[in-house]
Amino acid sequence: SLPRDVREYEPHVAIFGGERGTELIERLLHEARPLLAPSAELCVELDEEEQAMPMAALARALYPLASVSVCQDHGGYDRVVRVSLPPAG
């Protein structure tokens with residue numbers, strides 16, 4: 001029942017990423033922690049405006065020293081959570 005432009009072009013995992021739609025993003029935020037270097041940035045794109053605040057809150061909890069921001073798309077929707085780690089030292 002998905003629109004053709006979604007069904008035929010979006011990756012399957014992006015469409016069926018879990019009941020809440022954020023499970024894969026949550027996993028990435030958890031698993032990326034030991035892999036990120038000082039001053040690294042991690043950005044995750046969100047599907048719905050309602051996902052931004054919970055994912056930003058999770059990022060702030062997991063990366064307490066990082067700067068976490070929510071970026072809007074051209075339509076004014078909260079679309080990306082950006083995690084900027086501080087430099088070493």
Side-chain angles (χ1 to χ4, degrees):
S1 65
L2 292 170
R4 182 174 179 240
D5 63 328
V6 173
R7 183 180 64 244
E8 293 183 6
Y9 298 101
E10 290 293 329
H12 184 266
V13 70
I15 299 170
F16 304 103
E19 188 173 317
R20 292 183 314 279
T22 58
E23 287 85 347
L24 293 174
I25 294 169
E26 294 166 14
R27 182 176 169 193
L28 173 64
L29 289 171
H30 280 277
E31 292 182 6
R33 287 175 52 201
L35 305 174
L36 296 173
S39 298
E41 286 192 356
L42 172 65
C43 297
V44 293
E45 181 184 9
L46 307 165
D47 180 39
E48 299 176 16
E49 189 173 358
E50 296 84 30
Q51 294 176 344
M53 291 306 130
M55 292 303 96
L58 176 60
R60 287 184 184 101
L62 293 172
Y63 302 90
L65 300 178
S67 170
V68 176
S69 58
V70 176
C71 306
Q72 294 183 333
D73 62 15
H74 290 293
Y77 294 100
D78 293 341
R79 186 63 64 192
V80 173
V81 170
R82 180 180 176 191
V83 181
S84 301
L85 298 180

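Owing to the predicted nature of the structure, the values given are computational and were not obtained by experimental measurement. The figures that follow rest on heavy atoms only: side chains count, while hydrogens, waters and symmetry mates do not.
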Check: residues 25-32 side-chain donor-acceptor pairs under 3.5 Å, at least two apart:
{"residue": "Glu26", "atom": "OE1", "partner": "Arg20", "partner atom": "NH2", "Å": "2.7"}
{"residue": "Glu26", "atom": "OE2", "partner": "Arg20", "partner atom": "NH2", "Å": "3.0"}
{"residue": "Glu26", "atom": "OE2", "partner": "Thr22", "partner atom": "OG1", "Å": "2.7"}
{"residue": "Arg27", "atom": "NE", "partner": "Glu31", "partner atom": "OE2", "Å": "3.0"}

Query raised in the report: When clusters are formed by joining ILVMFWY residues with side-chain heavy atoms under 4.5 Å apart, either directly or through shared neighbours, do Leu85 and Val80 land in the same one?
Result: no
Query raised in the report: Taking all non-hydrogen atoms of both residues, which atom of Ala52 and which atom of Leu46 are closest, and how far apart?
Result: CA-CD1, 3.3 Å
Query - Heavy-atom side-chain contact between Val81 and Gln51 under 4.5 Å - result: no
Query - Smallest separation among heavy atoms of Pro87 and Ser39, with atom names - result: CA-OG, 3.2 Å
Report summary line: Rounded to the nearest 0.5 angstrom, the CZ-CG distance for Arg33 and Leu42 is 12.0 Å
Query - Exercise: identify the closest heavy-atom pair between Val83 and Ala59 - result: CG2-CB, 3.7 Å
Report summary line: With sequence neighbours left out, the residues meeting side chain to side chain contact (heavy atoms under 4.5 Å, CB included) with Pro38 are Ala88
Query raised in the report: Does anything in residues 58-76 pair up under salt bridge (Lys or Arg N to Asp or Glu O under 4.0 Å), and if so which pairs, sequence neighbours excluded?
Result: Asp73-Arg79
Report summary line: Sequence neighbours excluded, the answer for salt bridge (Lys or Arg N to Asp or Glu O under 4.0 Å) partners of Arg82 is Glu41
